[in-house]
Amino acid sequence: MKVVTVETSAGQTRYYLANDDGTPVEPVLQYLKFRDNGGAARNTLRLACIFLKHYFTYLEKRGLRWQAVTIDDLADFLAWLKYPRIEEKVIPLNLEPKYRAETINAILDTVLAFYHYEYLRGGLDNNVSERLVTFIKNPHGAYRSFLDGIADRKREKRYLLRLPAPKRVIRTVAKEDVEAVMKSCANVRDYFLMYLLFETGMRIGEALSLWLGDFGISECRIRIADRGEMENLAEIKTVSSPRTVDCTYDLMEVFTEYLCYFHKEGTPTNHVFVKIRGKNAGKAMDYTDVDNLFRQIRRKTGIYITPHMFRHTSLSMLSSAGWGPELLRKRAGHKNIYTTLNTYVHPSEEEVTEAFKEAADRFRLPGKEAEE
């Protein structure tokens, strides 16, 4: 099986899952069309197609029909995702899971969403996805809050088939490494892109979606707008992503310098970031260009850096500077404030150490000062 990329009559990039003979896997095709009609982002559709490819490959290897799977089959699928080589005759002694727990859980969520869709449209007699979900009214055990009982407690969804995922620690980059990365840039376009990601904390898809008119030079503000699917496949992630981001005058000066170098009168696109070499020079920069650029910088500097690490670094610095969760949520473009709280509102080890030093005198016992 393979994921096939196609272009629709409307010029949009879409995906479908094909059998070995090239024919589409019909139930997956119907599900992806349903998600597409519901407004799912292109990258969401791509990931759903990839995840369902894993599932239908597993079904094919086990000789199972997707309409007749049991919860035990789904549990075996989870184990297969962890160790797909376990059935080989010769396996390495240091067998490591192929995917992280978060990825496996995301794949399983997609499979359950697929079954829920099939059940709702009448394609299944029973909803296997519902059997793996339970709702807990009091997820914190015997603990009761002070106001417990005044209002109905919202039940919390729990999945019966899910791998425990460790709390993800965001990766940031030291400021001196940021400076080294920016010094390694070969041209003002690459320098401006690094500077923009570091200062604004915007996602790389948002940066590639920027148009020239989004920059308010006099106000030092940048507008991030949702323009749907674009020529370079850049897209806005959530409904909360459209926003206005404040920036420094220094960044705007670099933007102006960049325009003078690479946005001539005959530039064929309104996108800010453009290709600067080859037969496609002047066209909108895309994700592949960015990936190649960061690979080159990592080789040149020896510093591991990704576009999203710039975002984490920028927002973590604002959090350390005293920005509240609501301000961070607005600047990050998060839909849910809990995403902001869980990701950025946490003290570093150095901050915890400094805070303890300030409070250390409170732990001194009577008479201890005299002994010292």
Side-chain angles (χ1 to χ4, degrees), residues 1-60 65-69 74 77 102-133 157 159 161 203-206 208-211 224-243 271 284 286-288 333-336 339:
M1 291 187 178
K2 64 178 180 179
V3 175
V4 179
T5 304
V6 296
E7 185 173 327
T8 67
S9 57
Q12 297 176 315
T13 300
R14 292 296 181 264
Y15 312 90
Y16 72 88
L17 182 62
N19 292 301
D20 293 337
D21 60 2
T23 59
V25 179
E26 193 62 31
V28 176
L29 184 64
Q30 292 173 344
Y31 174 68
L32 293 176
K33 183 178 180 181
F34 169 76
R35 294 296 309 276
D36 190 15
N37 291 336
R42 179 196 57 82
N43 199 46
T44 301
L45 297 173
R46 182 180 67 87
L47 286 176
C49 193
I50 294 172
F51 291 166
L52 289 172
K53 175 196 171 186
H54 294 321
Y55 181 59
F56 276 80
T57 300
Y58 160 80
L59 294 178
E60 188 176 60
R65 295 173 56 249
W66 68 267
Q67 302 94 329
V69 296
L74 291 173
F77 172 59
E102 299 95 323
T103 304
I104 293 175
N105 290 337
I107 294 173
L108 191 60
D109 286 347
T110 300
V111 172
L112 295 181
F114 163 76
Y115 273 109
H116 188 61
Y117 159 75
E118 286 292 341
Y119 174 74
L120 292 179
R121 70 183 294 267
L124 291 172
D125 294 332
N126 61 80
N127 189 355
V128 68
S129 63
E130 284 189 351
R131 299 183 183 184
L132 295 173
V133 177
K157 181 187 289 188
Y159 294 89
L161 191 59
R203 305 175 179 94
I204 186 60
E206 295 169 346
L208 295 180
S209 299
L210 293 173
W211 285 1
I224 300 173
D226 185 1
R227 298 186 174 95
E229 193 167 311
M230 312 184 80
E231 61 179 287
N232 58 352
L233 299 183
E235 57 190 358
I236 303 301
K237 186 175 183 181
T238 71
V239 295
S240 300
S241 294
R243 62 197 185 278
H271 283 266
D286 56 33
Y287 291 106
T288 301
H334 286 153
K335 180 180 179 181
N336 194 322
T339 303

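For A40, the side-chain contact (heavy atoms from CB on, under 4.5 Å) criterion is met by R35, T44, L45, not counting sequence neighbours. Checked against side-chain hydrogen bond (donor to acceptor under 3.5 Å, both in side chains), D286 has the following partners two or more places apart in sequence or in another chain: K275. Applying the side-chain contact (heavy atoms from CB on, under 4.5 Å) criterion to S241, with sequence neighbours excluded, gives R203, E206, I236, K237, T238, R243. Under the side-chain hydrogen bond (donor to acceptor under 3.5 Å, both in side chains) criterion, R121 pairs with Q30, Y117, E118, not counting sequence neighbours. Listed by chain and number, the residues in a side-chain hydrogen bond (donor to acceptor under 3.5 Å, both in side chains) with Q67 amount to none (sequence neighbours excluded). A234 meets the side-chain contact (heavy atoms from CB on, under 4.5 Å) test with L208, S209, N232, Y287; sequence neighbours excluded. Not counting sequence neighbours, Y58 has no partner by the side-chain hydrogen bond (donor to acceptor under 3.5 Å, both in side chains) test. Residues passing the side-chain contact (heavy atoms from CB on, under 4.5 Å) test with A225, sequence neighbours excluded: R223, R227. In this view, R46 satisfies the salt bridge (charged side-chain N to carboxylate O under 4.0 Å, His left out) rule with no residue, not counting sequence neighbours.
Of the inter-residue distances, the one linking F51 atom CZ with I104 atom CD1 reads 11.0 Å to the nearest 0.5 angstrom. The OG1 atom of T57 lies 7.0 Å from the CG atom of L17; values are rounded to the nearest 0.5 Å. Rounding to the nearest 0.5 Å places CD1 of I224 at 6.5 Å from CG of L210. The CG atom of L233 sits 10.5 Å away from the CD atom of Q12 when rounded to the nearest 0.5 Å. In this structure, CZ in F56 is found 9.5 Å from CG in N19, a value given to the nearest 0.5 Å. The CD1 atom of I50 sits 8.0 Å away from atom OH of Y15, with the distance rounded to the nearest 0.5 Å.
Pairs engaging residues 12-29 under the salt bridge (charged side-chain N to carboxylate O under 4.0 Å, His left out) rule: R14-D36, R14-E229 [sequence neighbours left out].
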* To do: Evaluate side chain to side chain contact (heavy atoms under 4.5 Å, CB included) for Y55 paired with L74, printing each intermediate quantity in order.
  => CA-CA 9 Å; Y55 181 59; L74 291 173; 3.8 Å; yes
* To do: Evaluate side chain to side chain contact (heavy atoms under 4.5 Å, CB included) for T103 paired with I107, printing each intermediate quantity in order.
  => CA-CA 6 Å; T103 304; I107 294 173; 4.2 Å; yes
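Between Y16 and L32, the closest heavy-atom pair is CA-CD1, 4.2 Å. Taking every heavy atom of both residues into account, L52 and F114 meet most closely at CD2-CB, 4.0 Å. Across all non-hydrogen atoms, the minimal contact from E235 to R42 is OE1-N, 3.3 Å. Closest non-hydrogen pair, V25 versus A18, comes out as CG2-C, 4.3 Å.
Although no hydrogens or angles enter the test, the distance criterion places a donor-acceptor pair under 3.5 Å between the side chain of Y115 and the main chain of W66.
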